[in-house]
Amino acid sequence: MTRIAIIGTGVIGSSWAALFAAHGHEVSTTDPRPDATDHLRRAVERCWPSLERQRLVVDTGSPDLVTVVGSTAEAVDGAGFVQENAPERIDLKHDLYREIDGIVGADVVIASSSSGLMATELQSACKRHPERVLIGHPFNPPHLVPLVEVVGGEATSDAAIDAAMRLYTSIGKSPIHIRSELPGHVTNRLQAALWREAYWLVEQGVVSVAEVDRAISAGPGLRWALLGPFATQHLSGGEAGLAYVLEHLGPPMVEWWETFRTAEWTPELKATLVAQMDDELAGIDQSRMLDERDRLLEQLVVAKSGADHLPGGSDR
Ligand SMILES: NC(=O)c1ccc[n+]([C@@H]2O[C@H](COP(=O)([O-])OP(=O)(O)OC[C@H]3O[C@@H](n4cnc5c(N)ncnc54)[C@H](O)[C@@H]3O)[C@@H](O)[C@H]2O)c1
């Protein structure tokens, strides 16, 4: 059991707290919001049935392992691992990293959930041990979506990366180590590449927002969730696999790349996207849509965890 400090218990931090507690870790949290205790208790209660259905609760796991304390210093005192989930503001995070670095032991990893900041920027505030600072970027909600991107900064040690990869794996996450710092890490860059083309297609009136959603969710998105884009492409080559696809379908694709454009990022484009989004969701109860998405996502994650023949085994 490692004592975990969770700094910031909003959308992401509360879900991490529940996941660590489900695995029997003591979790010490802090958040300046006045209703932090009630908010976190409710958030952990909401996550718990899903954690149980995913069989992620070990014998010693309990929501009671999560406590709320009044300061960062108290939360990190005695912690073996820190997961920071404060707002995405570099000044605020710098203050936190300076403080945490001054308190926790030299071998305690300080991982940031940040979607957009770099470990190098964060560790610059740590004068004692910048080598234990890294990005541990989850996908929302962390207790349900297995992926976490682990990215070191210029000063991050291999030992810190290894420790984070081991801990995340031990709580059922599916971590990948990203070997260079890039804006958006890797997964959000892949999404952004798709959105770039989708925005342009909508701007040009080729398809609507709803049609793009259908194109992916009724098409390749189904296979991507099981295999990822490369193994999906490999299977489209039949027995000859990826080598054949690259030979046969690669050259036309390279020609398509020449036709790729970027939409103009104008108020008109944003208004078009939002109006078409409203059209797509007309008559749909969005809170039910969210519940249904999470229920189906959970079923998919559970089904994948029982799969024997997917690349890399199951995610968990
Ligand atoms: N929301 C997402 O989809 C998502 C996904 C992956 C990563 N992230 C990253 O996670 C981090 C948190 O994002 P979020 O969506 O949970 O934000 P959020 O606004 O829901 O939560 C942030 C919490 O931090 C608290 N906070 C403010 N100042 C603090 C301080 N000094 N110390 C401790 N806590 C403080 C706030 O009261 C709030 O509860 C960000 O770095 C973000 O980039 C978000």
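Excluded from the calculations below are hydrogen atoms, water molecules and symmetry mates; all remaining heavy atoms, backbone and side chain alike, are included. In listed order, ligands and their atoms are each counted from 1.
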S.K.: Could you find the nearest protein heavy atom to atom 31 (N) of ligand 1 and give me its residue, atom name and distance?
M.R.: Leu92 CD2, 4.0 Å
S.K.: So if I count the atoms of ligand 1 from 1 in the order they appear, which ones are less than 4.0 Å from some heavy atom of Lys93?
M.R.: 40 (C), 41 (O)
S.K.: Measure from atom 40 (C) of ligand 1 to every heavy atom in Ala86, Pro141, Ser113 and give the option owning the shortest one.
M.R.: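 The option holding the nearest heavy atom is Ala86.
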S.K.: For residues Arg196 and Thr262, is any side-chain donor paired with an opposing acceptor at under 3.5 Å?
M.R.: yes
S.K.: Can you check whether Thr72 has an N/O within less than 3.5 Å of an N/O in ligand 1?
M.R.: no
S.K.: Among side-chain atoms of Gln233 and Ser236, is any donor-acceptor pair under 3.5 angstrom?
M.R.: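 Gln233 vs Ser236: no donor-acceptor pair found between side chains.
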S.K.: Looking only at protein heavy atoms, which one is nearest to atom 30 (C) of ligand 1, and what is the separation?
M.R.: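 Going atom by atom, the protein heavy atom closest to atom 30 (C) of ligand 1 ends up being Pro32 CD, 3.9 Å.
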S.K.: Between the candidates Ile12, Val145, Thr9, which shows the shortest non-hydrogen contact distance to atom 44 (C) of ligand 1?
M.R.: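 Minimum heavy-atom distance to atom 44 (C) of ligand 1 goes to Ile12.
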S.K.: Do Leu310 and Trp224 sit in one hydrophobic cluster, given that two such residues count as connected whenever their side-chain heavy atoms are within less than 4.5 Å of each other, even indirectly?
M.R.: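 Looking at the clustering, Trp224 is in a separate group from Leu310.
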S.K.: Under a 4.0 Å threshold between the charged nitrogen and the carboxylate oxygen, would Lys93 count as salt-bridged to Glu88?
M.R.: yes
S.K.: Considering only protein heavy atoms, which is closest to atom 17 (O) of ligand 1, and at what distance to one decimal place?
M.R.: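 Result: Val11 N, 4.7 Å.
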S.K.: Provide the number and element of each atom of ligand 1 under 4.0 Å from a heavy atom of His137.
M.R.: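 Numbered from 1, ligand 1 contributes 6 (C), 7 (C).
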S.K.: Can you find a side-chain donor-acceptor pair between Gln83 and Tyr168 that sits under 3.5 Å?
M.R.: yes
S.K.: Any atoms of ligand 1 less than 4.0 Å from a non-hydrogen atom of Arg33? List them with their elements.
M.R.: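 Every atom of ligand 1 under 4.0 Å from some heavy atom of Arg33: 39 (O).
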S.K.: Using a strict threshold of under 4.0 Å (side-chain N to carboxylate O), is an ion pair present between Arg41 and Asp38?
M.R.: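 Between Arg41 and Asp38 there is a salt bridge, with a charged N closer than 4.0 Å to a carboxylate O.
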S.K.: Which is closest to atom 7 (C) of ligand 1 by heavy-atom distance: Ser115, Gly10, Ser71, Ala75?
M.R.: Ser115
S.K.: Just to verify, which of Glu52, Arg46, Glu45 counts as forming a side-chain contact (heavy atoms from CB on, under 4.5 Å) with Trp48?
M.R.: Glu52
S.K.: Any idea which of Pro87, Gly8, Gly136 brings a heavy atom closest to atom 26 (N) of ligand 1?
M.R.: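 Going through Pro87, Gly8, Gly136 one by one, Pro87 has the nearest heavy atom to atom 26 (N) of ligand 1.
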S.K.: Side chains of Asp279 and Gln276: donor-acceptor distance under 3.5 Å anywhere?
M.R.: no
S.K.: With heavy atoms of Asp31 as the reference, note each atom of ligand 1 found under 4.0 Å away.
M.R.: 23 (C), 24 (O), 25 (C), 36 (C), 37 (O), 38 (C), 39 (O)
S.K.: Polar-atom distance check: Glu84 versus ligand 1, any N or O pair below 3.5 Å?
M.R.: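 It does not: no N or O of Glu84 is found under 3.5 Å from an N or O of ligand 1.
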S.K.: Suppose I only count heavy atoms of Pro138 and a 4.0 Å limit; which atoms of ligand 1 are within that range?
M.R.: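 Listed by number with element, the hits are 6 (C).
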S.K.: Around atom CG of Asp158, are there more than 12 heavy atoms from other residues, nucleotides or ligands closer than 6.0 Å?
M.R.: no
S.K.: Would a search of protein heavy atoms around atom 24 (O) of ligand 1 find one under 4.0 Å away?
M.R.: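 Answer yes: something from the protein, a heavy atom, is under 4.0 Å.
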